[in-house]
Amino acid sequence: MNILFLGDVVGKVGRQIVDDQLSFIKEKYKIDFTIVNGENSAHGKGITTKIYKNFKNIGVDVVTLGNHAFSKSEIKLSINECKDLVRPANIEPLNVGNSVIVKQCKNKTIAVINLCGKVFMDACIESPFDAMNKILSKLKADIIFVDLHAEATSEKVTFFEYYKNKVTAVVGTHTHVQTADERIKYGCAFITDAGMCGAYDSVLGRDIEEVFDLNIRKIPSRFKPAEGPGILCGVVISIDDNTNRATKIERIQIRP
């Protein structure tokens, strides 16, 4: 089985490059299951029901989120209707949406879990380790995939090392910069950050001049996504059908 994961989709440019390239990628890598992080897909911050539905319409199986999961108030009202949208298990509000989704693919059950890191991030109400332990105590699935949306590389690596014998893949998101540390250990795939899908000429998908305004000219900003040609980043993870363990992880990067 081949699982495709695409990193943080940022704004309209990110959505467009995913829309343009997804069919090609799925055919090229013989993808069976697709996961996309959509937490920055609505104008660079949050997601809407319309965007979620578009991801589903183009062939995405599960959409994960992150610390901006509820930045758009509309999603709080409709998230329970978005059955394949996964919100982090350790940020509030906890009483809406799914923090774990289990789906069938090729006679296998795939569990997709979304967590936020606690280091340098204010949104978490508990550590990803405490939240993960609670989830694993109740979860049964052939393949367990974790999107760890976190700032600190050390926290992501620590999480991978601690759970590598219990899960099939740990993929980091949030920093928007694809790392070159992909690896397989004891049948668990890992990368610190899958990267982003967004404007190539930008600051992590954000308009460069606006970032100058905020950090240098001291002018308040509204998180304006950059425009122009996009970059697409992600990974393809191959799973052994007999052992349900990862055998390969390959980085994908499509530049303008």
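As the structure is a computational prediction, the values presented were derived from the model and not from experiment. Computed over heavy atoms, backbone and side chain alike; hydrogens, waters and symmetry mates excluded.
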task: Spell out, as yes or no, whether a donor-acceptor pair under 3.5 Å connects the side chain of Asp213 to the backbone of Ile219.
output: no
query: Taking all atoms of both residues into account, what is the closest heavy-atom pair of Cys116 and Gly66, and its distance?
result: SG-C, 3.7 Å
message: Within the 3.5 Å criterion, strictly below it, is a donor on Thr247 or Asp240 matched to an acceptor on the partner's side chain?
response: no
- request: Heavy atoms only: give me the nearest Met132-Phe159 pair and the separation to one decimal.
  value: CG-CZ, 3.8 Å
query: Which distance, rounded to the nearest 0.5 Å, do you find between the SG of Cys82 and the CD1 of Ile51?
result: 11.0 Å
query: Under a 4.5 Å side-chain heavy-atom rule over Ile, Leu, Val, Met, Phe, Trp and Tyr, are Ile31 and Met1 clustered together?
result: no
- prompt: Taking everything shown except Tyr200 itself, do over 12 heavy atoms lie less than 6.0 Å from its OH?
  reply: no
- request: Tell me whether the centres of the aromatic rings in Phe33 and Phe145 are closer together than 6.0 Å.
  value: no
field: Over 12 foreign heavy atoms within 6.0 Å of NZ, Lys26
entry: yes
field: Where Ser41 and Ile47 come nearest, the two heavy atoms and their spacing
entry: OG-CG1, 3.4 Å
- prompt: Are more than 12 heavy atoms from other residues, nucleotides or ligands located less than 6.0 Å from atom CD of Gln253?
  reply: yes
query: Does a side-chain N-to-carboxylate-O contact under 4.0 Å join Arg217 and Glu209?
result: yes
- request: First locate atom CD of Glu74, then atom NZ of Lys76, and finally report the distance between them rounded to the nearest 0.5 Å.
  value: 12.0 Å
query: Can you check whether Leu214 reaches Arg206 side chain to side chain, under 4.5 Å on heavy atoms?
result: yes
message: Using a strict threshold of under 4.0 Å (side-chain N to carboxylate O), is an ion pair present between Glu210 and Lys224?
response: no
- request: Please determine which of Asn114, Thr64, Val112, Leu115 meets the side-chain contact (heavy atoms from CB on, under 4.5 Å) test together with Val146.
  value: Leu115
query: Is Lys45 reaching over with its side chain to a backbone N or O of Ala42, donor-acceptor style, under 3.5 angstrom?
result: no
- prompt: Between Asp193 and Lys156, is there a side-chain N and carboxylate O pair less than 4.0 Å apart?
  reply: yes
message: For a 4.5 angstrom cut-off between non-hydrogen side-chain atoms, does Gln21 reach Cys197?
response: no
- request: Kindly say whether Arg15 contributes a backbone atom to a donor-acceptor pair with the side chain of Asp19 at under 3.5 angstrom?
  value: no
query: So, does Gln178 use its side chain to make a donor-acceptor pair with the main chain of Ala194 at under 3.5 Å?
result: yes
- prompt: Taking the side chain as C-beta and beyond, is there a heavy-atom pair between Lys166 and Ile144 under 4.5 Å?
  reply: no
message: Would a single hydrophobic cluster contain both Val235 and Val177, if residues Ile, Leu, Val, Met, Phe, Trp and Tyr are joined by side-chain heavy-atom contacts under 4.5 Å?
response: no
- prompt: Do Asn90 and Ser127 come close enough that some side-chain heavy atom pair is under 4.5 Å?
  reply: no
field: Lys/Arg N to Asp/Glu carboxylate O, Lys30 vs Asp32, below 4.0 Å
entry: no
field: Asp122, CG atom: more than 12 neighbouring heavy atoms under 6.0 Å
entry: no
Hydrophobic cluster identity match, Leu232 and Val203, side-chain contacts under 4.5 Å: no
- request: Using a 4.5 Å cut-off on heavy atoms from C-beta on, say whether the side chain of Val167 contacts that of Phe160.
  value: no
- line: In Thr109, Asp61, Asp84, the residue satisfying side chain to side chain donor-acceptor pair (under 3.5 Å) with Lys103 is Asp84
message: Please say yes or no: joined through hydrophobic side-chain contacts below 4.5 Å, possibly via intermediate residues, are Val170 and Val102 part of one cluster?
response: yes
- request: Could you tell me whether Tyr162 atom OH has more than 12 heavy atoms of other residues or ligands within 6.0 Å of it?
  value: no
message: For a 4.5 angstrom cut-off between non-hydrogen side-chain atoms, does Asn37 reach Phe5?
response: yes
message: Quick check: is Val10 connected to Val63 through a chain of hydrophobic side chains (ILVMFWY, heavy atoms under 4.5 Å apart)?
response: no
- prompt: Is there side-chain contact between Arg245 and Ile184, with heavy atoms separated by less than 4.5 Å?
  reply: no
- line: Excluding Phe120, membership of its hydrophobic cluster (Ile, Leu, Val, Met, Phe, Trp, Tyr; side-chain heavy atoms within less than 4.5 Å) reads Val119
- prompt: Is there side-chain contact between Thr48 and Ile75, with at least one heavy-atom pair below 4.5 Å?
  reply: no
message: Suppose we screen for side-chain hydrogen bond (donor to acceptor under 3.5 Å, both in side chains). Which residues come up paired with Ser238, at least two apart in sequence or across chains?
response: Asn2
task: May I ask you to check whether over 12 heavy atoms, not counting those of Lys53, lie within 6.0 Å of atom NZ?
output: no
- request: Output the distance between atom CG (Asp207) and atom CZ (Phe212), rounded to the nearest 0.5 Å.
  value: 9.5 Å
- prompt: Name the one of Val171, Thr168, Ile143 that satisfies side-chain contact (heavy atoms from CB on, under 4.5 Å) with Ile237?
  reply: Val171
